[in-house]
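All of these numbers come straight from a predicted model, not from anything done at the bench. We name chains A, B, ... by the order of the sequence lines, and we start the count at 1 in each one. Side chains included, hydrogens not; waters and symmetry mates left out as well; all remaining heavy atoms used.
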There are 2 protein chains.
Amino acid sequence: MVSLRDFILSVSPISESAWQDINALFQPKLLRKGDYFITEGKTATQIGFICSGIVRAFAKNQNGQEYNKHLFTAPSFIGGYASLITGNINKINQEALTDCELLVADYNKLTALYDKHPDFERVARKLAEFFFAAKEQREIELVMLSAEERYLLFRERMPGLEFEIPLYHIASYLGVSAVQLSRIRKNLAR
Amino acid sequence: MVSLRDFILSVSPISESAWQDINALFQPKLLRKGDYFITEGKTATQIGFICSGIVRAFAKNQNGQEYNKHLFTAPSFIGGYASLITGNINKINQEALTDCELLVADYNKLTALYDKHPDFERVARKLAEFFFAAKEQREIELVMLSAEERYLLFRERMPGLEFEIPLYHIASYLGVSAVQLSRIRKNLAR
DNA sequence: AGCTAATCTTTACATAGGTTAATTTTCTTC
DNA sequence: GAAGAAAATTAACCTATGTAAAGATTAGCT
């Protein structure tokens, strides 16, 4: 159970009055395992904050095959970030893999606070920068590392997570099939 | 030959006084074909803006194999963005593939302007958000599309670029070997 | 505990794509 | 325009990984 306030403050300090305005926009929401926070097809309007639980973000191709773009655990923001930013149709789905406690806010109301609270816009800037750096890192790893190396890295970075959700979700997150991950695990066991 | 001012204004409006302060920090610099703007190993300190020319950003793995993370054409910012943001050691190299006209500034001096000019920090926020959205799109394409589809997309998005730089740089950008790209082109020709 | 569904592994086969090296084509430069 | 260097293609071979289907294992009810 993680606090939104602490999370924001860990990014960049903000005034008490900014926090009050931000906090007022977030409402608690419970997401049951299997529920979706967003689905593709409409422009995203809401941003969520995970207090507890696990959410997967995935894209579907024309054949219906899914790719787990990200596995979110608390504390983190979720929502169709690219769609929120650009206003384009959202192409991402986000599904709870466990029961989740969320805080949910309207993204436009939130960004409307930037004018009043430049310290909050600074939080947003730093977050966007970190998100970018993380994506860049992931991109490099997807291309430069073998699937086995990516799996080992995953276990290091998110220890225990592989026992909380189905392996095929992890395989998809690593960019391989469940069968291939099974082979990799067999190899490592020797 | 593209103007930094126009590029910034296309992201978000800023005051004339902000522009004056920003502009004062940039110095022109000529990069010859083959020259490097940054190399891996040190923390990045400078940010560049491409007025003309082509730059590739690439990562090297332990075997010395290279992966072209990005091909930059004017107008765009270059520099070890992840390193600038996080302060970590830069792991990226950026090499001019043609002669380039750059504008170069000290990144810390530039970000020091955020306090004085919140409208400039807004530019930085929006840029970071767009960079993120672009990376996310690229990640999805790397995983969900075949190499052939990625090549076709590349030709659509950066028309003509394939005739200005060696094909093996494009292959690397697409995440395949030069041999494989050659096969793909042969296939498409039929 | 026992039944059912979900998950994971294994097998068999197909294929995209890597590597190396040889050959051809294109670009530079004198 | 000829010589040499760089780039691109082709061929031969190999491996990682995909797909489909069958089995084995585990988890979730009632």
Rounded distance (Å) that lies between atom C1' of D/dG18 and atom CG of A/Leu181: 14 Å
Taking only N/O atoms, report every protein-nucleotides 12-14 of chain D pair under 3.5 Å with atom names and distance.
unit_1	atom_1	unit_2	atom_2	d
D/dA12	N6	B/Arg183	NH1	3.4

Plane angle bin for B/Phe132 and A/Tyr81 - parallel if under 30°, tilted between 30 and 60°, otherwise perpendicular: perpendicular
Within the 6.0 Å centroid threshold, strictly below: A/Phe58 and A/Tyr67: no
A/Ile78 reachable from A/Leu127 in the ILVMFWY side-chain graph, under 4.5 Å edges: no
Donor-acceptor pair, side chain of B/Arg5 and main chain of B/Trp19, under 3.5 angstrom: no
Modelled atom types, side-chain donor and acceptor of B/Tyr151 and B/Arg185, under 3.5 Å: yes
Same apolar cluster: B/Val176 and B/Leu153, side chain cutoff 4.5 Å: no
Hphob cluster co-occupancy, B/Phe131 + B/Ile50, side-chain heavy atoms under 4.5 angstrom: no
Selection: residues 142-154 of chain B, any non-hydrogen atom under 4.0 Å of DNA chain C: B/Ala147
Whole angstrom value for the distance that separates P of C/dC8 from CZ of A/Phe163: 11 Å
From C/dT7, D/dT17, D/dA7, nucleotide with atom closest to B/Tyr168 side chain: D/dA7
Heavy-atom side-chain proximity of A/Thr45 to A/Asn108 below 4.5 angstrom: no
Contact under 4.0 Å: A/Ser177 side-chain N or O vs D/dT17 OP1/OP2: no
Interatomic distance where CG belongs to A/Leu188 and P belongs to D/dA16 [whole Å]: 13 Å
Donor-acceptor under 3.5 Å (A/Arg150 side chain, A/Leu174 main chain): yes
Distance in angstrom units between B/Lys186 NZ and C/dT25 C1', rounded: 15 Å
The helix from C/dT9-D/dA22 to C/dC30-D/dG1: angle between end helix axes, five pairs per end, rounded to 10 degrees: 50°
Test side chain to side chain donor-acceptor pair (under 3.5 Å) applied to A/Glu149 and A/Ser146, step by step: CA-CA 5 Å; A/Glu149 290 171 308; A/Ser146 68; 3.2 Å; yes
A/Arg185 CZ - C/dT7 C1' separation (whole Å): 11 Å
Residue-phosphate contact under 4.0 Å: A/Gln65 side-chain N/O, D/dT19 OP1/OP2: yes
Parallel, tilted or perpendicular: rings of B/His70 and B/Tyr173 (30°, 60°): perpendicular
Length of the CG-P vector between A/Asn63 and D/dG18, whole Å: 15 Å
Over all atoms of both residues, closest heavy-atom pair of B/Thr39 and B/Asn90: O-ND2, 3.2 Å
Separation of atom CD1 in B/Ile165 from atom P in C/dC27, rounded to whole Å: 15 Å
Nucleotide D/dA8, atom P - distance to CD1 of B/Ile184 in whole Å: 15 Å
B/Lys33 or B/Gln180, whichever maps to the more 5' nucleotide of DNA chain C: B/Gln180
